[in-house]
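See structure below.
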Protein chains: 2
Amino acid sequence: MNRPSAPRKRRKEARPSELTAAALALFVEKGFAATRLDDIAARAGVSKGTLYLYFDSKEALFKAAIQEGIIPVVAEGESIVARHEGASIDLLCRLLENYWSRIGETPFAGIPKLMVAEAHNFPEVAQFYYENVIRRGRALLGAALERGVARNEFRPLPVETAIDVVIAPVLMLLIWRFSMARCQDENADPRTYLDIHTSLLRRGLMVTQV
Amino acid sequence: MNRPSAPRKRRKEARPSELTAAALALFVEKGFAATRLDDIAARAGVSKGTLYLYFDSKEALFKAAIQEGIIPVVAEGESIVARHEGASIDLLCRLLENYWSRIGETPFAGIPKLMVAEAHNFPEVAQFYYENVIRRGRALLGAALERGVARNEFRPLPVETAIDVVIAPVLMLLIWRFSMARCQDENADPRTYLDIHTSLLRRGLMVTQV
DNA sequence: TAATTTAATGACTTCTGAGTCATTAACTGC
DNA sequence: GCAGTTAATGACTCAGAAGTCATTAAATTA
């Protein structure tokens, strides 16, 4: 039969975010299928049964973990674009900078790698992520690029495609940190990396030289 | 008991590469853990038992699938660097171009996404991939960048980090194709994407304007 | 054509891990 | 302090997938 010996504490409020945080960390590390619910529970300091008090299934937990991190950051970017007044290249660099500091240096940094790895297995979650994060994020960069072209600060270029080229190195930096980085004895300094990228963009995009 | 009704054909020679090809496609699509051996066997047109005639375990099959694609391409890049004589920026662009055409447009295109997703679960395979593909590939780009700096074609820059910035958009293009691309109704044209990237590099890296 | 070898099969075994639920004990109100 | 409520537990069930092997038939040899 059963001998539930140690119900430690009861904290209904704090649980959900503790559980999604533990789940996110392990999903990012091992992938969805290779992560055991027992491990998530252990990491959160609860038992497996507790997970089912707050989430209907492993997949529901996955969705919640993804959604946790993405709510505030895009909105912040939208306000940056709305308020900006100086050179377009500075707007573009601020957006990249903001993405890095608000995602890249937080526990949510692993989400892009997780989405890339699991998109096929969770088309519904991928679609949600695409609509609410990627589409809106691309719109931000697109606005900055359009602005630069319209004001003759940037050379004319196919904006929709350029968006992807501009964001790719930042995404790749994130993804790398959560995948192959362990194999390298010495990893690039993110600061230097971003500086190189933005300086290439300055010289590469702009009509006049800096 | 057993009624093995339909042993179709016997082709000892052709099997291994057929099996790794089927495995690679499914691993790329669904990830290692979420791929069933029955599915791999079905895709290759054999039964599960046949897999074990050629590979000791699912993990052995994984390793073989990864190794299949990477043997020839790096060597080809090394010969390009050795033979090149013109401007360094052209060497750099040829290397990126070659990588795209020799990997990006083949069934092996999914390997980077697969490695990124599974690196943590297979540290040994990741290490192998790092030593034999990434390290050598980075050396190629590093040589092109060093050459440009030494000949005063490129501005001085921290080469080791710049390598990663240069390759990131190409890698990201590949990874995207095998993950989120299904969510977008319209994906960027790879040709346009690479053109933008190389033109940013030309203007961004070089001392004199083109 | 018959005997021998071996590629291939798929039912079976085994094990792992998702999801359940009867039991327990930490809180809450009286 | 006591009764009622509910957060938490962990042993259990069960489905699904990795890996096995006795059986079969295609190919090869005599």
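Note on naming: letters A, B, ... go to the chains in the order of the sequence lines (proteins, then strands), and numbering restarts at 1 for each one. Hydrogens, waters and symmetry mates play no part in the numbers below; they use all other heavy atoms, side chains included.
Checking the phosphate oxygens (OP1, OP2) of C:dA8, no side-chain nitrogen or oxygen of B:S47 falls inside 4.0 Å. B:Y54 has no side-chain polar atom (N or O) that falls below the 4.0 Å cut-off from OP1 or OP2 of C:dA7. For the OP1/OP2 pair of D:dT9 and a distance below 4.0 Å, the side-chain nitrogens and oxygens of A:Y52 include no atom meeting the criterion.
Taking atom CG of B:L51 as the reference point, atom P of D:dT20 lies 12 Å away to the nearest angstrom. Rounded to an integer number of Å, the gap from NZ of A:K48 to C1' of D:dT13 is 11 Å. Rounded to whole Å, atom P of C:dT6 lies 18 Å from atom CZ of B:R15. The separation between B:F32 atom CZ and D:dA17 atom P is 14 Å, rounded to whole Å. In this structure, the CG atom of A:D38 is 12 Å from the C1' atom of D:dT9, given to the nearest Å. Atom CG in A:L37 sits roughly 8 Å away from atom C1' in C:dG17 (whole-Å rounding). Note: CG (A:L19) to P (D:dA7) measures 14 Å, nearest angstrom. Rounding to whole angstrom units, CG of residue A:L26 and P of C:dA18 are separated by 12 Å.
Within the structure, every pair that satisfies the side chain to side chain donor-acceptor pair (under 3.5 Å) test and touches residues 166-182 of chain B, not counting sequence neighbours, is listed here: B:W176-B:Q184. Sequence neighbours left out, the pairs with a member in residues 137-150 of chain B that pass salt bridge (charged side-chain N to carboxylate O under 4.0 Å, His left out) are B:R138-B:E160, B:R138-B:D164. The list of ring pair (Phe, Tyr, Trp, His ring centres under 6.0 Å) pairs with a residue in residues 85-113 of chain B, not counting sequence neighbours, is empty. Judged as a salt bridge (charged side-chain N to carboxylate O under 4.0 Å, His left out), the pairs with a partner in residues 117-126 of chain A (not counting sequence neighbours) are, in order, A:K63-A:E124.
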Produce the list of close N/O pairs, under 3.5 Å, pairing protein atoms with atoms of nucleotides 14-16 of chain D; give distances to one decimal.
none

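Using modelled atom types and a 3.5 Å distance limit, the side chains of B:R202 and B:T198 yield no donor-acceptor pair.
Using modelled atom types, one side-chain atom of A:S101 and one backbone atom of A:E97 make a donor-acceptor pair closer than 3.5 Å.
Annotation: salt bridge (Lys or Arg N to Asp or Glu O under 4.0 Å) contacts of A:R102 (sequence neighbours excluded): A:E76. With sequence neighbours left out, the salt bridge (Lys or Arg N to Asp or Glu O under 4.0 Å) criterion links B:E78 to B:R136. Partners of B:F62 under the ring-ring contact (aromatic ring centres under 6.0 Å, His included) rule, at least two apart in sequence or in another chain, are B:F27, B:F32, B:F122.
DNA chain C lies under 4.0 Å from no heavy atom of any residue of residues 57-64 of chain B.
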